[in-house]
Amino acid sequence: SYIVMFCYVTVALGSVYPFDRYMLVRTKLLLAVSAIFVVLFSLVISLGIVSALGVAVTPIIGEVIPFLVLAIGVDNVFLLSNTFQKQPKSLSHEKRLVNTLREVGTSITLA
């Protein structure tokens with residue numbers, strides 16, 4: 001399922017055409033890889049913390065939670081990417097990022 005989501009994020013966020021040296025930038029391949037790795041790392045860290053606290057691992061932790069975290073993580077990538085792209089290009093990257101996090105930061109934190 002992680003491979004399917006990786007392909008989906010890559011295709012949905014980027015554009016493939018035209019084939020030139022900027023194709024990897026337009027496809028947002030690195031964004032998709034980063035999103036999947038953040039989800040994987042967050043799962044590993046949270047399972048490590050839960051195990052260190054002595055909580056027993058149940059089937060819901062091993063089977064259901066990873067899919068929920070993946071879905072929420074991919075949704076957050078779409079929210080951030082869409083909001084960032086809607087910011088005026090005349091602003092600096094830092095200001096665009098600040099505006100993006102101001103708009104969707106609360107909903108991402110609460111998810």
Side-chain angles (χ1 to χ4, degrees):
S1 67
Y2 282 85
I3 294 171
V4 171
M5 284 300 218
F6 166 75
C7 294
Y8 175 69
V9 170
T10 303
V11 170
L13 286 179
S15 62
V16 178
Y17 300 107
F19 293 112
D20 59 4
R21 66 181 186 172
Y22 297 110
M23 185 180 82
L24 289 178
V25 174
R26 280 192 313 277
T27 58
K28 296 188 175 60
L29 182 67
L30 188 58
L31 179 63
V33 169
S34 300
I36 299 299
F37 275 122
V38 165
V39 169
L40 286 174
F41 289 148
S42 68
L43 283 171
V44 169
I45 290 169
S46 63
L47 287 175
I49 291 172
V50 167
S51 297
L53 294 175
V55 177
V57 177
T58 61
I60 195 166
I61 291 175
E63 297 173 6
V64 176
I65 298 295
F67 294 109
L68 290 174
V69 172
L70 177 66
I72 291 170
V74 169
D75 182 53
N76 290 343
V77 169
F78 282 112
L79 284 172
L80 286 169
S81 177
N82 187 29
T83 307
F84 186 81
Q85 289 174 354
K86 287 182 180 179
Q87 298 296 321
K89 304 277 191 239
S90 60
L91 297 174
S92 67
H93 289 294
E94 293 84 9
K95 187 64 177 167
R96 290 172 69 190
L97 184 59
V98 167
N99 291 343
T100 298
L101 292 177
R102 186 175 292 140
E103 284 184 41
V104 296
T106 306
S107 64
I108 288 174
T109 303
L110 294 177

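- Linking ILVMFWY side-chain heavy atoms closer than 4.5 Å, directly or via other members, places Leu79 and Leu97 in a single hydrophobic cluster.
- Under the 4.5 Å side-chain contact rule for hydrophobic residues, Leu101 and Val77 do not share a cluster.
- Using modelled atom types, one side-chain atom of Ser46 and one backbone atom of Leu43 make a donor-acceptor pair closer than 3.5 Å.
- Follow the hydrophobic side-chain contacts under 4.5 Å out from Leu53 and you reach Ile45 in the same cluster.
- For the atom pair Ile108 CD1 and Glu103 CD, the distance stands at 11.0 Å (nearest 0.5 Å).
- Note: the hydrophobic cluster containing Val57 also contains Leu68 (ILVMFWY, side chain heavy atoms under 4.5 Å, direct or indirect links).
- Ser81 contributes no side-chain N or O that, together with a main-chain N or O of Phe78, makes up a donor-acceptor pair within less than 3.5 Å.
- A distance-only check finds a donor-acceptor pair linking the side chain of Arg96 to the backbone of Phe84 [under 3.5 Å].
- By the rule that hydrophobic residues join a cluster once side-chain heavy atoms approach within less than 4.5 Å of another member, Val39 and Phe37 end up as members of one cluster.
- Side-chain N or O atoms of Thr83 include none that pairs as donor or acceptor with a backbone N or O of Leu80 at under 3.5 Å.
- The residue from Asp75, Asn76, Val69, Leu70 that alone fulfils the side chain to side chain contact (heavy atoms under 4.5 Å, CB included) condition with Ile72 is Asn76.
- In this structure, CD on Gln85 lies 9.5 Å from OG1 on Thr100, to the nearest 0.5 angstrom.
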